[in-house]
Amino acid sequence: MIVPVFDTAVTRTYGTRLPIVAGGLMWLSDADYVAACAQAGIIGFITAASFKEPGTLEAEIARARALCGDRPFGVNVSMLPKLVEGETVAETFRLIAGEGVRFVETSGRNPEAFLPILKDAGIHVLHKVPSARYARKAEAVGVDVVAIVGAECGGHPGLDMIGTVVNQALAERDLTIPFLIGGGIGTGGQMVGALASGAAGVVMGTRLLVAEELNAHPGYKAALVEASERDTELTMSSVRNTIRTLANETSATVARLERADPDIGIEALMPHVAGTIGRRAYQTGDVSKGMLSAGQSLGLTDAVAPMAEIVARIEAEAGRALARLHALTTPEALRA
Ligand SMILES: Cc1cc2nc3c(=O)[nH]c(=O)nc-3n(C[C@H](O)[C@H](O)[C@H](O)COP(=O)(O)O)c2cc1C
């Protein structure tokens, strides 16, 4: 039995102890990862795009179900138009629905065309966007929950590059459906701040990359522990696909190529940015090459630890933040 400490639309929907969503991580969020999330009292999402060979996504979902037991997990489907055809996306959703998955995290484009497949299967849809204007659109087309992930984030911050604190205020003002806030979130204090602004929870990616259960080479995790909030680089804006990654040889090369020729185009960048290069870095621990998504909360990834320990630390931080707020509030205000 999970005893909820926080009671929000997110904890109620997913049945988690904490209102924390571990967003999909290309090549990294597999069954072991989402099971570690589930055991720690949060929900994680397997990235469908990491399991492209026939039968492998089904097998990973089965593995996650066995490992999670009655605890929740979901599947992330990135729909970046440049990466996947609409029909492939629809097929993935049909497969997920057929497997009885209950929770989906979508990102990368307007999910409207695919919502009937998901709704008919009774799947709960969390759609992730980079700024408030897309969140308003997502609400209008009928997603269940929207996550706004700001410029600080690892991976794709979108083109607007709006910071998380501003997203938070705009979401509170403009949205009616439950929303999550992400991008640079890595502590319980930040989580309480987001909840105070009306969020139903937070999305984390970078902070959880140093979880022991994440299937990546120890050298990769050591590099993340070593890195600070200053060690990310933004590239790929020239092809309207901005990405924040760990600063390394590849990001420097791509930045240089884009500066030299702003019309360079994706074909010329592909030999550097291909996902298979990044995958190799996760396997070998040599982080000098590959586009390795990572956000500014690299400043908070100070040790490799079991997921449960990372989450317990965030929970303790949240407790301290709540106590701090309580201490700052006068008895009169509490009675009012
Ligand atoms: C290594 C890595 C891989 C990611 N891959 C995906 C992905 O495949 N699909 C997706 O929707 N988001 C992806 N993201 C974004 C995360 O799910 C999450 O939204 C983001 O990391 C939150 O911001 P933060 O990194 O500041 O915590 C990735 C992020 C990282 C760090």
Chemist: Please tell me if the side chains of Leu80 and Asn241 come closer than 4.5 Å, counting only heavy atoms from C-beta onward.
Modeler: yes
Chemist: Is the side chain of Glu139 donor-acceptor paired with the backbone N or O of Ile177 at a distance under 3.5 Å, no angle test?
Modeler: yes
Chemist: Please report the shortest heavy-atom distance between Pro157 and Ile243, naming the atom on each side.
Modeler: CD-CA, 4.1 Å
Chemist: Does Met79 belong to the same Ile/Leu/Val/Met/Phe/Trp/Tyr cluster as Leu57, with side-chain heavy atoms less than 4.5 Å apart forming each link?
Modeler: yes
Chemist: Measuring from atom CG of Leu115 to atom OG1 of Thr106, what distance do you get when rounded to the nearest 0.5 angstrom?
Modeler: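 One finds 7.5 Å between CG of Leu115 and OG1 of Thr106.
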Chemist: Any chain of hydrophobic side-chain contacts (each under 4.5 Å) joining Met291 to Leu257?
Modeler: yes
Chemist: Is it the case that atom CD in Glu267 sees more than 12 heavy atoms from other parts of the structure closer than 6.0 Å?
Modeler: no
Chemist: Heavy atoms, side chains only, cut-off 4.5 Å: are Lys289 and Asn248 in contact?
Modeler: no
Chemist: Can you tell me if Asn76 uses its side chain to pair, donor with acceptor, with the backbone of Ile46 under 3.5 Å?
Modeler: no
Chemist: Say whether, by atom type as modelled, one donor and one acceptor occur between the side chain of Gln296 and the main chain of Gly184 under 3.5 angstrom.
Modeler: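 No; judged by distance alone, with no hydrogens or angles, the pair does not exist.
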Chemist: Output yes when a side-chain donor or acceptor of Trp27 lies under 3.5 Å from a complementary backbone atom of Ala216, and no otherwise.
Modeler: no
Chemist: Under the 3.5 angstrom rule, does the side chain of Asn167 hit a backbone N or O of Ser131 as a donor-acceptor pair?
Modeler: no
Chemist: Could you tell me whether Glu233 and Arg244 make a salt bridge, using a distance below 4.0 angstrom between a side-chain N and a carboxylate O?
Modeler: no
Chemist: Assess the residue pair Arg133 and Asp160 against the criterion (side-chain contact (heavy atoms from CB on, under 4.5 Å)); give the C-alpha distance rounded to whole Å, side-chain angles, the decisive distance to 0.1 Å, and a yes or no.
Modeler: CA-CA 10 Å; Arg133 65 185 174 114; Asp160 294 348; 2.7 Å; yes
Chemist: Establish whether Ile185 and Val145 are linked, either directly or via other cluster members, by ILVMFWY side-chain heavy-atom contacts under 4.5 Å.
Modeler: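 Ile185 and Val145: separate clusters.
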Chemist: Rounded to the nearest 0.5 Å, what's the gap from CG on Asp7 to CZ on Arg17? Could you check?
Modeler: 14.0 Å
Chemist: Is there a side-chain contact between Ser228 and Leu298, using heavy atoms and a 4.5 Å cut-off?
Modeler: no
Chemist: Under a 4.5 Å side-chain heavy-atom rule over Ile, Leu, Val, Met, Phe, Trp and Tyr, are Ile43 and Met26 clustered together?
Modeler: no
Chemist: Checking Glu152 against Thr164: is there a side-chain donor and acceptor pair closer than 3.5 Å?
Modeler: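 The criterion, which ignores hydrogens and geometry beyond distance, is satisfied for Glu152 and Thr164.
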Chemist: Below 4.5 Å, heavy atoms only, C-beta onward: do Leu126 and Val104 meet side chain to side chain?
Modeler: no
Chemist: Roughly how far, to the nearest 0.5 Å, is the NE2 atom of His124 from the CZ atom of Phe103?
Modeler: 7.0 Å
Chemist: Considering non-hydrogen atoms only, spot the tightest contact between Val146 and Ala138 and give its length.
Modeler: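 Scanning both residues, the minimum pair turns out to be CG2-CB, 4.0 Å.
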Chemist: Tell me, do Val304 and Lys221 make a side-chain contact under 4.5 Å, heavy atoms counted?
Modeler: yes
Chemist: Hey, does Tyr220 have a side-chain heavy atom less than 4.5 Å from the side chain of Thr284?
Modeler: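 Result no, sub-4.5 Å side-chain heavy-atom pair not found.
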Chemist: If I take atom CD1 from residue Ile181 and atom CD1 from residue Ile148, how far apart are they, to the nearest 0.5 angstrom?
Modeler: 5.0 Å
Chemist: Hydrophobic clustering (ILVMFWY, side-chain heavy atoms < 4.5 Å, transitive) - are Tyr14 and Ile42 grouped together?
Modeler: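 The answer is no; the residues belong to distinct hydrophobic clusters.
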Chemist: Of the non-hydrogen atoms in Val129 and His127, which two are nearest, and what is the gap between them?
Modeler: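 Of all heavy-atom pairs spanning Val129 and His127, the closest is CG1-CD2, 3.5 Å.
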Chemist: Apply side-chain contact (heavy atoms from CB on, under 4.5 Å) to residues Leu28 and Tyr33 and explain how you reach the verdict.
Modeler: CA-CA 8 Å; Leu28 297 170; Tyr33 178 80; over 6 Å; no
Chemist: In terms of side-chain heavy atoms, does Thr88 have a donor or acceptor partner in Glu91 at a distance below 3.5 Å?
Modeler: no
Chemist: Keeping Thr13 on the side-chain end and Val10 on the backbone end, is there a donor-acceptor pair under 3.5 Å?
Modeler: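 No, Thr13 side chain to Val10 backbone: no donor-acceptor pair under 3.5 Å.
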Chemist: Using modelled atom types and a 3.5 Å cut-off, is there a donor and acceptor pairing between side-chain atoms of Thr47 and backbone atoms of Ala49?
Modeler: no
Chemist: Please name the pair of heavy atoms, one in Ala318 and one in Met191, separated by the smallest distance, quoted to 0.1 Å.
Modeler: CB-CE, 3.8 Å
Chemist: Using modelled atom types only, decide if a donor and an acceptor are shared between the side chain of Thr245 and the backbone of Ser293 within a distance under 3.5 Å.
Modeler: no
Chemist: Is the shortest side-chain N to carboxylate O distance from Arg65 to Asp70 below 4.0 Å?
Modeler: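 Asp70 and Arg65: not salt-bridged.
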Chemist: Look only at the side chain of Thr242 and the backbone of Met236, and say whether a donor-acceptor pair between them is shorter than 3.5 Å.
Modeler: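 Checking the backbone N and O of Met236 against the side chain of Thr242, no donor-acceptor pair under 3.5 Å is found.
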Chemist: Could you walk me through whether Leu25 and Leu214 pass side-chain contact (heavy atoms from CB on, under 4.5 Å), step by step?
Modeler: CA-CA 10 Å; Leu25 307 170; Leu214 187 98; 3.9 Å; yes
Chemist: Do you know the tightest heavy-atom contact between Leu269 and Ser238?
Modeler: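 Minimum heavy-atom separation between Leu269 and Ser238: CD1-OG, 4.3 Å.
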Chemist: Verify the neighbour count for atom CZ of Arg63: are there more than 12 heavy atoms of other residues, nucleotides or ligands below 6.0 Å?
Modeler: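 Atom CZ in Arg63 is crowded, with more than 12 foreign heavy atoms closer than 6.0 Å.
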Chemist: Rounded to the nearest 0.5 Å, how far does OG of Ser288 lie from CG of Leu246?
Modeler: 10.5 Å
Chemist: Side chains of Gln190 and Val202, heavy atoms from C-beta outward: is any pair under 4.5 Å?
Modeler: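 No, their side chains stay 4.5 Å or more apart.
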Chemist: I want to check something: taking the side chain as every heavy atom from C-beta on, are Thr56 and Lys52 in contact at a cut-off of under 4.5 Å?
Modeler: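 No, their side chains stay 4.5 Å or more apart.
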Chemist: Side chain to side chain contact (heavy atoms under 4.5 Å, CB included) with Ser297: which of Thr206, Thr232, Leu208, Thr187?
Modeler: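 Of all the options given, the one that passes is Thr206.
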Chemist: Check Arg280 with Asp286, please: is the shortest side-chain N to carboxylate O separation under 4.0 Å?
Modeler: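 Looking at Arg280 together with Asp286, the answer is no, because their closest N to O distance does not fall below 4.0 Å.
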Chemist: Given Glu87 and Arg94, is the salt bridge (Lys or Arg N to Asp or Glu O under 4.0 Å) satisfied, shown in steps?
Modeler: CA-CA 10 Å; Glu87 197 35 47; Arg94 277 186 217 108; 3.5 Å; yes
Chemist: Examine distances only and state if a side-chain atom of Glu105 and a backbone atom of Gly24 form a donor-acceptor pair shorter than 3.5 Å.
Modeler: yes
Chemist: Calculate, to the nearest 0.5 Å, the distance between atoms CG and CD1 belonging to Leu118 and Ile96 respectively.
Modeler: 7.5 Å
Chemist: Begin from the C-alpha positions of Thr301 and Val225 and carry the test side-chain contact (heavy atoms from CB on, under 4.5 Å) through to its verdict.
Modeler: CA-CA 5 Å; Thr301 50; Val225 170; 5.5 Å; no
Chemist: Identify whether the distance between the nearest side-chain nitrogen and carboxylate oxygen of Arg313 and Glu309 falls below 4.0 Å.
Modeler: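 Looking at Glu309 together with Arg313, the answer is no, because their closest N to O distance does not fall below 4.0 Å.
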Chemist: Do other residues, nucleotides or ligands put more than 12 heavy atoms under 6.0 Å from the CD atom of Glu58?
Modeler: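 Yes, because the 6.0 Å sphere around CD of Glu58 holds more than 12 heavy atoms from other groups.
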Chemist: Show the nearest heavy-atom pair for residues Gly186 and Leu300, with the distance to one decimal.
Modeler: CA-CD1, 3.8 Å
Chemist: So, are Asp261 and Arg256 salt-bridged, with charged N and O less than 4.0 Å apart?
Modeler: no
